[in-house]
2 protein chains.
Amino acid sequence: MAARTSNKTSESLDKVSVICRALRRAIIEQALEPGAKLPEDSLGERFGVSRTIARHALGQLAAEGLVELRRNRIAVVATPSWQEARDAFDIRIELERLVVRQLAGKLTKAQIAELNAHVDAEDRARGSTDAVSIRLATEFHILLAQMTNSPILVRYVSEVAYRCCLTLSLFSRPHSTECAINEHRAIIAALGKGDADKVMELMHHHLDSVANRALVAPTPQRGRDLLDILAPYADEVTSERVVKLTKVARRG
Amino acid sequence: MAARTSNKTSESLDKVSVICRALRRAIIEQALEPGAKLPEDSLGERFGVSRTIARHALGQLAAEGLVELRRNRIAVVATPSWQEARDAFDIRIELERLVVRQLAGKLTKAQIAELNAHVDAEDRARGSTDAVSIRLATEFHILLAQMTNSPILVRYVSEVAYRCCLTLSLFSRPHSTECAINEHRAIIAALGKGDADKVMELMHHHLDSVANRALVAPTPQRGRDLLDILAPYADEVTSERVVKLTKVARRG
DNA sequence: CGGGTGTCAAGTGCATGCAATTGGAGCGCT
DNA sequence: AGCGCTCCAATTGCATGCACTTGACACCCG
């Protein structure tokens, strides 16, 4: 239009949601621990955007319960209490029972293959860090939810699963993923057979046992540099400004 | 501190959430119909804030699913499809079964009195408009959720209930509230007796029947003036700027 | 030496300004 | 008339600037 149409701005993938995704991942992978401070301008610097955008992203994450926003104070990664964690799991159990009830016997071959492929990935990642395993396990559940084709259900399952993920990072012990993988396989099998009650029972037990393992004390370790922590996550943001600013940063 | 501490800004009750509340109410009372446009600056004018704030509020409401945000386009009130409405009710049923399961037999006398008082209010409002009845009925369910003392559960029940409210406004017929009030009373009674299974069944049936009534055709009526529609809702915003701007507005 | 107090930098809350995008009105061409 | 084009007003996307709040440190006084 008018004079010229710059093809530079055509990326358009909404900076806010990009930052949300990055932060979400950093949080559930425990790169950002519960209680970690998230000052708007540090975020803005790291991701190459203004405070306005960083602020907006924090608002979204707060709505999801991953971030705590206190008026006139620096935002922090949410630190769910034990009770809140338990509540989240209770809700999650109900939601995911609904998911598998809707899915039982209705999956295509391709979908079952996709699920199996994901569990294979979980298997392969068994050598990786705890946080990565937890993230993959969480993504399995989200993948299931997506197959319901119910955007609302996907949203709620994702949110509550991320929340649970957050608390798992806090409380759980290393070996917890081991058996979960088998349980994932069992769920897939039961879904294929179409026995709704059976798969609901499996899912219930699966989540309940994961939750029950989360009864150990937390392991605090605060205080790393925000800019360092976020470095790998900022790479995903495709903008020359990031690079430029990354050099300057370092004023923590 | 320093020179002076202006006591003017001490109100501090977070403009964003005030606007969210106002818009939420306007939406679920059908003052703003699904599809209604919500331009940032009109909102800002009406509520006496800048676009920044209005925008942020829209973001929150979008996260709740009440508003649809399209890139570079005017935001609109969400228009849930019939399928989405059904999905929302399915989720809601599970969540509220959880609520009453947790509550059965554990309510204090005072809480039961509070619930009864609310239903009395619903009774009294039977003469009012449909939208008001629907809102009150919805608030009954939210009140229940709040009694679980689980902030997460409150949030999800509220959200999904508002969503359902939105679709009810779209699809439902006048008489639908009549019997719902009796069902509310029955639920309170069963909660008092402490029979968890019974009250879960009651709640399930209650929500299911409400949902099943929502099968009639929508009644479109678009096109009123945003500034007029919002007038009664803007009154809640305590700021002299609102008054000033209200006179100027009118540039639709 | 301890507790109140002044000062200040870091950070948030919000408004405003500017560039880019969009939808549509007007206009010409067929 | 119908179709496409250009241009413009309305509106969003985003950065920046300024006022206010908060927490911390140094300072002073008892």
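Keep in mind that what you see is a predicted model, and the values were worked out from it rather than measured. All chains are named by letter (A, B, ...) in the order of the sequence lines, taking the proteins before the strands, and each is independently numbered beginning at 1.
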Checklist entry - Can you check the A/Lys15 NZ to D/dT12 P distance for me, whole Å? => result 18 Å
Item to check | d(CG, A/Asn72; P, D/dC20) in whole Å | outcome: 12 Å
Checklist entry - Separation of A/Glu45 atom CD from C/dA10 atom P, in whole Å? => result 12 Å
Item to check | Length of the CD-P vector between B/Glu40 and C/dT22, whole Å | outcome: 15 Å
Item to check | Separation of C/dA15 C1' from B/Ile53 CD1 (nearest whole Å) | outcome: 8 Å
Checklist entry - Is it true that the side chains of B/His118 and B/Glu139 contain a donor and an acceptor less than 3.5 Å apart? => result no
Next on the checklist: Given C/dA15, D/dT11, D/dA15, identify the nucleotide with an atom nearest to the side chain of B/Ser50.
Outcome noted: C/dA15
Next on the checklist: Could you tell me how far apart B/Arg70 (CZ) and D/dT12 (C1') are, to the nearest whole angstrom?
Outcome noted: 12 Å
Checklist outcome for this item: With the side chain defined as heavy atoms from C-beta on, A/Asp14 is closest, among C/dT12, D/dT12, D/dC14, to D/dC14
Item to check | Base C/dG11 paired with A/Arg55 side chain (donor-acceptor, <3.5 Å) | outcome: no
Item to check | Any side-chain heavy-atom pair of A/Leu166 and A/Thr79 under 4.5 Å | outcome: no
Next on the checklist: Side chains of B/His56 and B/Lys15, heavy atoms from C-beta outward: is any pair under 4.5 Å?
Outcome noted: no
Checklist entry - Which part of the nucleic acid, if any, lies within contact of A/Arg73, taking any heavy atom under 4.0 Å across all strands shown: a base, the sugar-phosphate backbone alone, or nothing? => result sugar-phosphate
Checklist entry - Rounded to whole angstrom units, what separation is found between the CG atom of B/Leu58 and the C1' atom of D/dG13? => result 14 Å
Item to check | Non-hydrogen side-chain atoms of A/Leu144 and A/Val157 separated by less than 4.5 Å | outcome: no
Checklist entry - Rounded to whole angstrom units, what separation is found between the CZ atom of B/Arg51 and the P atom of D/dA10? => result 14 Å
